[in-house]
2 protein chains.
Amino acid sequence: MEYTVQKLAELAGVSARTLRYYDEIGLLKPGRIRTSGYRIYGRKEVDRLQQILFYRELGMPLEQIAAVLDSRDFSRLETLKEHRRHLLKKQQRLSQLLTNVEASISAAEGETVMNDKAKFEGFKKRAVEENEAKYGEEVRRKYGDAAVDRSNAQFLSMTEEGADRIKRIEEEMFTALEAGMDAGDPGGEAAQQAAALHREWLTFYWDSYNPEAHAGVADMYVADDRFKAYYDKQREGMAQFLRHAIHVYVKK
Amino acid sequence: MEYTVQKLAELAGVSARTLRYYDEIGLLKPGRIRTSGYRIYGRKEVDRLQQILFYRELGMPLEQIAAVLDSRDFSRLETLKEHRRHLLKKQQRLSQLLTNVEASISAAEGETVMNDKAKFEGFKKRAVEENEAKYGEEVRRKYGDAAVDRSNAQFLSMTEEGADRIKRIEEEMFTALEAGMDAGDPGGEAAQQAAALHREWLTFYWDSYNPEAHAGVADMYVADDRFKAYYDKQREGMAQFLRHAIHVYVKK
DNA sequence: GTTGACCTTGACGCTGCGTAAAGGTGTAGA
DNA sequence: TCTACACCTTTACGCAGCGTCAAGGTCAAC
């Protein structure tokens, strides 16, 4: 079964403009193009559009959707299972919103009292969800991500102790990195201290540690602009230096 | 309890920039401004922000949110009940998406077969939801709205017979309006025929008819740019002419 | 051949912010 | 009192993800 733009748009509940835009940015290319120039979409494209719409439902930016779908280890089945997990979480949040609105109705009818924090239950989870969609829960788990976690902790009122500990470790790590960069030696004491702290910092996300994964994270920091920017904002070249320090560290 | 920008932003799960923007567009003004220029939000603003976030959750444009919240007959309790209705509908759609993803998983595991249409169950409802949030379900019910309904029917595969009938009546009405405008007489046979057809068209949305409401709709067509544009796109001045014709019609 | 629905490309514009710069304010600690 | 840091302000640029429109070509039914 093949579709031209409008037909597929109707089928999927999107606009034809959206499909052309997705073609333009390379997110969803037509299966083939007629000599007339018409875009023709087939089974593969239909399936891919479904995946796109599931991710879009979560608020994931289109560029990232493309990256996920184009990655080497993409599997339709695994991705559908992931969608299911996300949708179940979204369902929980919706239940929270419903609880919130019921409580707000009671308060408005004068039956109960509601504090300001409770009035926003569910909305903060939306912020978290969008953060996760943007940065990817998988990415976070694999590589750690201070920006997202600080943001999430802020919203979710993570325990003070836990949040403080993460913060302290990170600060110490940055201090050690600065000293290491001053010394200019990725294998020096300060740099290796930073790498160890980084390892400790990762334990908040990992169930178990292994050096290869640690090195992989370090590579990611340099390869991915978001991470690189985070560290280089502290000091130019810090992401690269940290990567070097970690590579030395994991070889011990 | 009072909040500065960041504090309220954290509480509500939005950004400080968002709050400044809402102030800028008049959607959410601070309760007061310190001599320093700092925005200070109080209880009233907290409640209003909650309402804003509920509407935002539905995809309603900010300008329209402001219009609703600023209308004379705004009532916090009634609005909360409306939010509840919307959230319940959204919950249904989420259930559909979950059903869809389960079916897709079965299909991907080779257990079942899934047609293309089913792959997009739930996503089309999203389009409908956003249309309703944008145009307002209440507005639709009160005044009828061909553009939204055609769009919705398209997505929801409304029965062919019903959709055809709406379409036919509308076409006949436009034809009669053209003839009436050519004759230049809102009270003439053609114009009155158009008004009668318009009344018939409205019966798709109204449980009962009354002339005052019909006249009110006609006024709305001229007062609201969206409706005016829809008719004037057919022919310049058509909205105004239709209004005249209807006012004559309802006086009989 | 005609007509109307659909297709293309190109282009402008919009909503709702994110980000950054420059400079002022508030508060706790030395 | 001074300092440092977190927070505030305004201004301004830019962007994602389209919606809308124009001009012109294509397709299929009558």
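Below, chain A is the first sequence line, B the second, and so on; all start at residue 1.
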Q: A:Lys29: what forms a side chain to side chain contact (heavy atoms under 4.5 Å, CB included) with it, not counting sequence neighbours?
A: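 Partners of A:Lys29 by the side chain to side chain contact (heavy atoms under 4.5 Å, CB included) criterion, ordered by chain and then number, come out as A:Asp23.
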
Q: Starting at atom OH of A:Tyr21, determine the distance to atom P of D:dC21, rounded to an integer number of angstrom.
A: 20 Å

Q: Test your reading of the model: is there a side-chain donor-acceptor pair from A:Glu45 to the backbone of A:Gly42, 3.5 Å cut-off?
A: yes

Q: Using modelled atom types and a 3.5 Å cut-off, is there a donor and acceptor pairing between side-chain atoms of B:Arg48 and backbone atoms of B:Leu27?
A: yes

Q: So, taking the atom named CZ in B:Arg32 and the one named OH in B:Tyr38, what distance separates them when rounded to the nearest 0.5 Å?
A: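 If we round to the nearest 0.5 Å, B:Arg32:CZ and B:Tyr38:OH are 13.5 Å apart.
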
Q: About how many Å separate CG of B:Leu11 and CG of B:Leu49, when rounded to the nearest 0.5 Å?
A: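 CG of B:Leu11 is found 8.5 Å from CG of B:Leu49.
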
Q: Whole angstrom is fine here: how far is it from CD1 in B:Ile33 over to C1' in C:dG24?
A: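 Checked: the CD1 to C1' distance equals 15 Å.
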
Q: Give each protein N/O atom lying under 3.5 Å from an N/O atom of nucleotides 10-15 of chain D, with the pair distance.
A:
residue	atom	partner	partner atom	Å
D:dT10	OP2	B:Arg39	NH1	3.2
D:dT10	OP2	B:Arg39	NH2	2.9

Q: Give the rounded distance in Å between these two atoms: CD of B:Glu63 and P of C:dG16.
A: 8 Å

Q: Rounded to whole Å, please give me the gap between CG in A:Leu19 and P in D:dG17.
A: 15 Å

Q: Between the side chain of B:Gln50 and the main-chain N/O of A:Lys119, is any donor-acceptor distance below 3.5 Å?
A: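 At least one qualifying donor-acceptor pair exists.
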
Q: Got a second to check how far A:Glu24's CD is from A:Thr18's OG1, nearest 0.5 Å?
A: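 That separation rounds to 11.5 Å.
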
Q: I want to check one thing: is the phosphate of C:dC7, taken as OP1 and OP2, less than 4.0 Å away from some side-chain N or O of A:Thr4?
A: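 Result: yes.
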
Q: Please write out the pairs of protein N or O atoms and N or O atoms of nucleotides 26-29 of chain D separated by less than 3.5 Å, giving the distance to one decimal.
A:
residue	atom	partner	partner atom	Å
D:dT26	O2	A:Tyr38	OH	3.3

Q: Look at the side-chain N and O atoms of B:Tyr22 and state whether any lies under 4.0 Å from the OP1 or OP2 oxygen of C:dG16.
A: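 No, B:Tyr22 has no side-chain N/O under 4.0 Å of OP1/OP2 on C:dG16.
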
Q: Measure CE/A:Met60 against C1'/D:dG17 and give the value in whole Å, please.
A: 16 Å

Q: Among C:dC17, C:dC6, D:dC18, which nucleotide sits nearest the side chain of B:Leu62?
A: C:dC17

Q: Reckon B:Thr18 has a side-chain N or O less than 4.0 Å from the OP1 or OP2 of C:dG16?
A: no

Q: Round to a whole Å and report the spacing from CD1 of B:Ile40 to P of D:dC7.
A: 14 Å

Q: B:Lys7 has an atom NZ; how far is it from atom P of D:dC8, in whole Å?
A: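 Checked: the NZ to P distance equals 8 Å.
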
Q: Kindly say whether B:Asn100 contributes a backbone atom to a donor-acceptor pair with the side chain of B:Ser104 at under 3.5 angstrom?
A: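 At least one qualifying donor-acceptor pair exists.
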
Q: Once you round it to whole Å, what is the distance between P of C:dG18 and CD of B:Gln6?
A: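 One finds 12 Å between P of C:dG18 and CD of B:Gln6, rounded.
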
Q: Distance alone, cut at 3.5 Å: any donor-acceptor contact between the side chains of A:Gln51 and A:His83?
A: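 Yes, because at least one side-chain N or O of A:Gln51 sits under 3.5 Å from a partner of the opposite role on A:His83.
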
